[in-house]
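Each remark here refers to the structure printed beneath this line.
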Amino acid sequence: MDKMEGKTRGEERKIGVIETWSRKHRLLFDGVTRHPLVLSIRDGSINIASFKKWLAQDYLFVRAFVPFVASVLIKAWKESDESGDMEIILGGVASLENEIAWFKREASKWGVSLSEVVPQQANKKYCGLLESLMNPEVGYTVAITAFWAIEAVYQESFAHCIEEGSKPPPELKETCERWGNEAFAKYCQSLQNIANRRLQKASDEELKKTEVMLLNVLEHEVDFWNMSQGNV
Ligand SMILES: Cc1ncc(CO)c(N)n1
(Lines give C-alpha, C1' and ligand atoms only; values in the text may rest on other atoms or scores of the structure.)
Protein backbone atom coordinates (compact mmCIF):
# COMPACT_ATOMS: atom_id res chain seq x y z
CA MET A 1 0.00 0.00 0.00
CA ASP A 2 1.17 3.47 -0.85
CA LYS A 3 2.51 5.23 2.22
CA MET A 4 1.04 8.68 1.53
CA GLU A 5 -2.32 7.22 0.65
CA GLY A 6 -2.39 5.39 3.96
CA LYS A 7 -1.64 8.63 5.69
CA THR A 8 -4.37 10.47 3.84
CA ARG A 9 -6.97 7.89 4.85
CA GLY A 10 -5.64 8.11 8.40
CA GLU A 11 -6.10 11.88 8.41
CA GLU A 12 -9.62 11.53 7.08
CA ARG A 13 -10.40 9.09 9.85
CA LYS A 14 -9.30 11.55 12.49
CA ILE A 15 -11.30 14.53 11.26
CA GLY A 16 -14.02 12.53 9.51
CA VAL A 17 -14.74 12.08 5.83
CA ILE A 18 -17.65 14.54 6.00
CA GLU A 19 -15.38 17.29 7.33
CA THR A 20 -12.79 16.51 4.63
CA TRP A 21 -15.44 16.76 1.94
CA SER A 22 -16.92 19.93 3.45
CA ARG A 23 -13.50 21.55 3.14
CA LYS A 24 -12.81 20.17 -0.31
CA HIS A 25 -16.18 21.33 -1.64
CA ARG A 26 -16.43 24.52 0.45
CA LEU A 27 -17.41 26.69 -2.52
CA LEU A 28 -20.33 24.45 -3.41
CA PHE A 29 -21.45 24.16 0.22
CA ASP A 30 -21.33 27.94 0.55
CA GLY A 31 -23.22 28.23 -2.73
CA VAL A 32 -26.10 26.51 -0.91
CA THR A 33 -25.87 27.84 2.66
CA ARG A 34 -24.84 31.39 1.61
CA HIS A 35 -27.11 31.55 -1.42
CA PRO A 36 -28.41 35.07 -2.26
CA LEU A 37 -31.88 34.00 -1.14
CA VAL A 38 -30.50 32.91 2.25
CA LEU A 39 -28.56 36.16 2.57
CA SER A 40 -31.72 38.12 1.72
CA ILE A 41 -33.55 36.42 4.59
CA ARG A 42 -30.62 37.20 6.87
CA ASP A 43 -30.50 40.89 5.97
CA GLY A 44 -34.27 41.30 5.79
CA SER A 45 -34.37 42.29 2.12
CA ILE A 46 -36.17 39.13 0.93
CA ASN A 47 -38.98 39.49 -1.52
CA ILE A 48 -42.01 37.91 0.12
CA ALA A 49 -43.11 36.41 -3.20
CA SER A 50 -39.88 34.36 -3.15
CA PHE A 51 -40.63 33.18 0.36
CA LYS A 52 -44.13 32.10 -0.59
CA LYS A 53 -42.84 30.29 -3.64
CA TRP A 54 -40.23 28.53 -1.52
CA LEU A 55 -42.88 27.61 1.07
CA ALA A 56 -45.22 26.05 -1.47
CA GLN A 57 -42.47 24.17 -3.33
CA ASP A 58 -40.78 22.98 -0.15
CA TYR A 59 -44.07 21.55 1.08
CA LEU A 60 -44.12 19.31 -2.00
CA PHE A 61 -40.45 18.48 -1.48
CA VAL A 62 -41.04 17.45 2.15
CA ARG A 63 -43.88 15.17 1.08
CA ALA A 64 -41.39 13.36 -1.19
CA PHE A 65 -38.76 13.48 1.54
CA VAL A 66 -40.93 11.33 3.87
CA PRO A 67 -40.71 8.14 1.78
CA PHE A 68 -37.02 8.85 1.19
CA VAL A 69 -36.34 8.97 4.95
CA ALA A 70 -38.48 5.83 5.37
CA SER A 71 -36.23 4.14 2.79
CA VAL A 72 -33.16 5.15 4.81
CA LEU A 73 -34.82 3.56 7.83
CA ILE A 74 -35.27 0.30 5.91
CA LYS A 75 -31.62 0.36 4.83
CA ALA A 76 -30.53 0.98 8.44
CA TRP A 77 -32.56 -1.99 9.58
CA LYS A 78 -31.03 -4.20 6.88
CA GLU A 79 -27.46 -2.96 6.77
CA SER A 80 -26.51 -0.99 9.85
CA ASP A 81 -23.81 -2.25 12.19
CA GLU A 82 -25.22 -0.13 15.03
CA SER A 83 -28.72 -0.57 16.40
CA GLY A 84 -28.80 3.04 17.64
CA ASP A 85 -29.03 4.36 14.07
CA MET A 86 -32.64 3.28 13.81
CA GLU A 87 -33.84 5.47 16.70
CA ILE A 88 -32.17 8.54 15.22
CA ILE A 89 -33.69 7.98 11.78
CA LEU A 90 -37.06 7.08 13.30
CA GLY A 91 -36.96 10.40 15.17
CA GLY A 92 -36.44 12.06 11.80
CA VAL A 93 -39.44 10.28 10.29
CA ALA A 94 -41.60 11.21 13.28
CA SER A 95 -40.68 14.91 13.19
CA LEU A 96 -41.79 15.13 9.57
CA GLU A 97 -45.42 14.72 10.62
CA ASN A 98 -45.06 17.89 12.63
CA GLU A 99 -43.23 19.56 9.78
CA ILE A 100 -45.99 18.86 7.27
CA ALA A 101 -48.55 20.27 9.73
CA TRP A 102 -46.34 23.36 10.11
CA PHE A 103 -46.19 23.88 6.32
CA LYS A 104 -50.00 23.72 6.18
CA ARG A 105 -50.38 26.28 8.97
CA GLU A 106 -47.73 28.57 7.53
CA ALA A 107 -49.24 28.36 4.04
CA SER A 108 -52.68 29.32 5.30
CA LYS A 109 -51.13 32.25 7.21
CA TRP A 110 -49.63 33.55 3.97
CA GLY A 111 -52.67 32.76 1.84
CA VAL A 112 -50.83 30.08 -0.13
CA SER A 113 -53.11 27.31 -1.40
CA LEU A 114 -51.12 24.08 -1.17
CA SER A 115 -53.64 22.01 -3.11
CA GLU A 116 -53.00 24.15 -6.18
CA VAL A 117 -49.20 24.14 -6.09
CA VAL A 118 -47.59 22.91 -9.28
CA PRO A 119 -44.12 21.42 -8.82
CA GLN A 120 -41.45 23.43 -10.64
CA GLN A 121 -38.76 21.82 -12.76
CA ALA A 122 -35.99 22.09 -10.14
CA ASN A 123 -38.28 20.57 -7.52
CA LYS A 124 -39.30 17.71 -9.81
CA LYS A 125 -35.66 16.97 -10.53
CA TYR A 126 -34.71 17.02 -6.88
CA CYS A 127 -37.64 14.73 -5.98
CA GLY A 128 -36.46 12.48 -8.82
CA LEU A 129 -33.05 12.27 -7.17
CA LEU A 130 -34.72 11.34 -3.87
CA GLU A 131 -36.67 8.65 -5.66
CA SER A 132 -33.53 7.22 -7.26
CA LEU A 133 -31.92 7.06 -3.81
CA MET A 134 -34.88 5.01 -2.54
CA ASN A 135 -33.83 2.19 -4.85
CA PRO A 136 -32.91 -0.92 -2.82
CA GLU A 137 -29.67 -1.12 -4.80
CA VAL A 138 -28.50 2.15 -3.29
CA GLY A 139 -26.56 1.30 -0.14
CA TYR A 140 -27.03 2.60 3.38
CA THR A 141 -23.80 4.64 3.34
CA VAL A 142 -24.85 6.65 0.29
CA ALA A 143 -28.40 7.07 1.60
CA ILE A 144 -27.51 8.17 5.13
CA THR A 145 -24.94 10.63 3.79
CA ALA A 146 -27.58 12.09 1.46
CA PHE A 147 -29.98 12.33 4.39
CA TRP A 148 -27.37 14.14 6.47
CA ALA A 149 -26.53 16.57 3.62
CA ILE A 150 -30.17 17.45 2.92
CA GLU A 151 -30.86 18.22 6.58
CA ALA A 152 -27.52 19.89 7.30
CA VAL A 153 -27.72 22.46 4.50
CA TYR A 154 -31.05 23.70 5.83
CA GLN A 155 -29.68 23.76 9.36
CA GLU A 156 -26.66 25.82 8.28
CA SER A 157 -28.63 28.09 5.98
CA PHE A 158 -31.32 29.02 8.49
CA ALA A 159 -28.95 29.21 11.45
CA HIS A 160 -27.00 31.79 9.44
CA CYS A 161 -30.18 33.84 9.05
CA ILE A 162 -30.59 34.23 12.82
CA GLU A 163 -26.95 34.54 13.91
CA GLU A 164 -25.52 37.62 15.62
CA GLY A 165 -25.77 40.63 13.35
CA SER A 166 -28.65 39.28 11.25
CA LYS A 167 -31.95 41.10 10.85
CA PRO A 168 -34.43 38.69 9.30
CA PRO A 169 -38.03 39.88 8.83
CA PRO A 170 -39.88 39.19 12.12
CA GLU A 171 -42.53 37.20 10.26
CA LEU A 172 -39.85 34.79 8.98
CA LYS A 173 -38.17 34.24 12.34
CA GLU A 174 -40.23 31.17 13.16
CA THR A 175 -39.26 29.59 9.84
CA CYS A 176 -35.58 30.25 10.50
CA GLU A 177 -35.88 28.84 14.03
CA ARG A 178 -37.47 25.69 12.70
CA TRP A 179 -34.21 24.59 11.04
CA GLY A 180 -31.78 26.94 12.74
CA ASN A 181 -32.41 25.83 16.32
CA GLU A 182 -29.91 24.03 18.57
CA ALA A 183 -31.86 20.76 18.81
CA PHE A 184 -31.98 20.48 15.02
CA ALA A 185 -28.23 21.16 14.91
CA LYS A 186 -27.68 18.28 17.35
CA TYR A 187 -29.85 15.98 15.28
CA CYS A 188 -27.82 16.87 12.16
CA GLN A 189 -24.65 16.13 14.13
CA SER A 190 -26.03 12.66 15.00
CA LEU A 191 -26.66 12.02 11.30
CA GLN A 192 -23.15 13.25 10.50
CA ASN A 193 -21.70 10.86 13.08
CA ILE A 194 -23.49 7.92 11.50
CA ALA A 195 -22.36 8.96 8.01
CA ASN A 196 -18.78 9.37 9.19
CA ARG A 197 -18.77 5.99 10.88
CA ARG A 198 -20.02 4.32 7.69
CA LEU A 199 -17.64 6.25 5.42
CA GLN A 200 -14.69 5.34 7.58
CA LYS A 201 -15.37 1.67 6.82
CA ALA A 202 -16.40 2.18 3.20
CA SER A 203 -14.56 0.81 0.17
CA ASP A 204 -12.98 3.28 -2.25
CA GLU A 205 -15.80 2.59 -4.67
CA GLU A 206 -18.45 3.37 -2.06
CA LEU A 207 -16.59 6.53 -1.09
CA LYS A 208 -16.52 7.69 -4.70
CA LYS A 209 -20.21 6.94 -5.19
CA THR A 210 -21.10 8.80 -2.01
CA GLU A 211 -19.02 11.85 -2.91
CA VAL A 212 -20.62 12.04 -6.37
CA MET A 213 -24.09 11.80 -4.79
CA LEU A 214 -23.19 14.53 -2.28
CA LEU A 215 -22.20 16.96 -5.05
CA ASN A 216 -25.41 16.08 -6.83
CA VAL A 217 -27.49 16.89 -3.74
CA LEU A 218 -25.71 20.23 -3.28
CA GLU A 219 -26.31 21.20 -6.90
CA HIS A 220 -30.00 20.40 -6.54
CA GLU A 221 -30.13 22.54 -3.39
CA VAL A 222 -28.67 25.53 -5.27
CA ASP A 223 -31.22 24.99 -8.05
CA PHE A 224 -33.99 24.84 -5.45
CA TRP A 225 -33.02 28.24 -4.00
CA ASN A 226 -32.68 29.66 -7.53
CA MET A 227 -36.14 28.38 -8.41
CA SER A 228 -37.64 29.97 -5.28
CA GLN A 229 -36.00 33.25 -6.10
CA GLY A 230 -37.48 33.06 -9.57
CA ASN A 231 -34.17 32.76 -11.36
CA VAL A 232 -35.06 29.54 -13.13
C1 LIG B 1 -35.06 21.65 -0.58
C2 LIG B 1 -34.95 21.20 0.83
N3 LIG B 1 -33.80 20.76 1.28
C4 LIG B 1 -33.67 20.36 2.55
C5 LIG B 1 -34.74 20.37 3.40
C6 LIG B 1 -34.50 19.97 4.84
O7 LIG B 1 -35.15 19.18 5.43
C8 LIG B 1 -35.96 20.82 2.90
N9 LIG B 1 -37.07 20.88 3.69
N10 LIG B 1 -36.04 21.23 1.62
Side-chain angles (χ1 to χ4, degrees), residues 22 28-38 41 46 50-73 88-107 112 114 117-134 143-162 172 174-192 194-195 213-232:
S22 302
L28 188 49
F29 268 98
D30 285 351
V32 180
T33 63
R34 301 293 184 264
H35 186 276
L37 186 58
V38 174
I41 298 172
I46 184 173
S50 299
F51 175 76
K52 288 189 188 179
K53 187 164 181 194
W54 166 81
L55 187 74
Q57 292 297 317
D58 212 46
Y59 168 73
L60 296 182
F61 177 84
V62 170
R63 292 195 72 92
F65 193 53
V66 174
F68 165 70
V69 181
S71 80
V72 182
L73 188 71
I88 293 164
I89 301 161
L90 185 57
V93 176
S95 69
L96 287 171
E97 184 184 7
N98 205 333
E99 191 156 308
I100 285 176
W102 177 84
F103 271 99
K104 289 181 177 169
R105 278 198 311 277
E106 195 66 16
V112 172
L114 293 177
V117 184
V118 178
Q120 301 283 294
Q121 198 57 25
N123 200 359
K124 276 196 220 163
K125 284 192 184 162
Y126 202 176
C127 291
L129 173 64
L130 289 181
E131 202 169 341
S132 72
L133 292 168
M134 294 181 213
I144 190 77
T145 306
F147 185 25
W148 162 77
I150 295 167
E151 295 287 44
V153 293
Y154 261 41
Q155 195 280 322
E156 266 199 50
S157 300
F158 285 108
H160 188 58
C161 294
I162 47 176
L172 298 198
E174 191 189 310
T175 302
C176 298
E177 291 283 349
R178 179 150 201 103
W179 289 275
N181 76 75
E182 232 357 88
F184 191 69
K186 281 208 173 124
Y187 162 67
C188 291
Q189 186 60 54
S190 310
L191 296 178
Q192 182 172 333
I194 300 174
M213 174 283 303
L214 174 61
L215 299 182
N216 217 338
V217 163
L218 295 175
E219 278 158 17
H220 283 81
E221 286 286 342
V222 173
D223 291 345
F224 202 93
W225 288 135
N226 283 340
M227 166 199 73
S228 304
Q229 223 182 9
N231 294 341
V232 173

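For ligands, and for the atoms within them, numbers begin at 1 and follow the listed sequence. Keep in mind that this is a model prediction, so the values were computed, not measured.
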Below 3.5 Å, can you tabulate the donor-acceptor pairs from side chains in residues 54-62 to any protein atom, sequence neighbours excluded?
{"from": "Trp54", "atom 1": "NE1", "to": "Tyr154", "atom 2": "OH", "distance (Å)": "2.8"}
{"from": "Gln57", "atom 1": "OE1", "to": "Gln120", "atom 2": "N", "distance (Å)": "3.0"}
{"from": "Gln57", "atom 1": "OE1", "to": "Asn123", "atom 2": "ND2", "distance (Å)": "2.9"}
{"from": "Gln57", "atom 1": "NE2", "to": "Val118", "atom 2": "O", "distance (Å)": "2.9"}
{"from": "Asp58", "atom 1": "OD1", "to": "Tyr154", "atom 2": "OH", "distance (Å)": "3.1"}
{"from": "Tyr59", "atom 1": "OH", "to": "Arg63", "atom 2": "NH1", "distance (Å)": "2.9"}

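- Residue Leu218 holds its CG atom at 9.5 Å from CD1 of Ile150, rounded to the nearest 0.5 Å.
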Give a table of atom pairs where an N or O of ligand 1 lies under 3.5 Å from a protein N or O.
{"from": "ligand 1", "atom 1": "3 (N)", "to": "Glu221", "atom 2": "OE1", "distance (Å)": "3.3"}
{"from": "ligand 1", "atom 1": "3 (N)", "to": "Glu221", "atom 2": "OE2", "distance (Å)": "2.6"}
{"from": "ligand 1", "atom 1": "7 (O)", "to": "Glu151", "atom 2": "OE1", "distance (Å)": "2.7"}
{"from": "ligand 1", "atom 1": "9 (N)", "to": "Asp58", "atom 2": "OD2", "distance (Å)": "2.9"}
{"from": "ligand 1", "atom 1": "10 (N)", "to": "Asp58", "atom 2": "OD1", "distance (Å)": "2.6"}
{"from": "ligand 1", "atom 1": "10 (N)", "to": "Asp58", "atom 2": "OD2", "distance (Å)": "3.4"}
{"from": "ligand 1", "atom 1": "10 (N)", "to": "Tyr154", "atom 2": "OH", "distance (Å)": "3.2"}

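- Glu106 pairs by the salt bridge (Lys or Arg N to Asp or Glu O under 4.0 Å) definition with Lys109, not counting sequence neighbours.
- Contact between Lys53 and Gly230 at its shortest, heavy atoms only, is NZ-CA, 4.2 Å.
- Sorted by first and then second residue, the side chain to side chain donor-acceptor pair (under 3.5 Å) pairs with a member in residues 90-101 form an empty list; sequence neighbours excluded.
- Distance alone, capped at 3.5 Å, is enough to place a donor-acceptor pair between the Trp225 side chain and the Val32 backbone.
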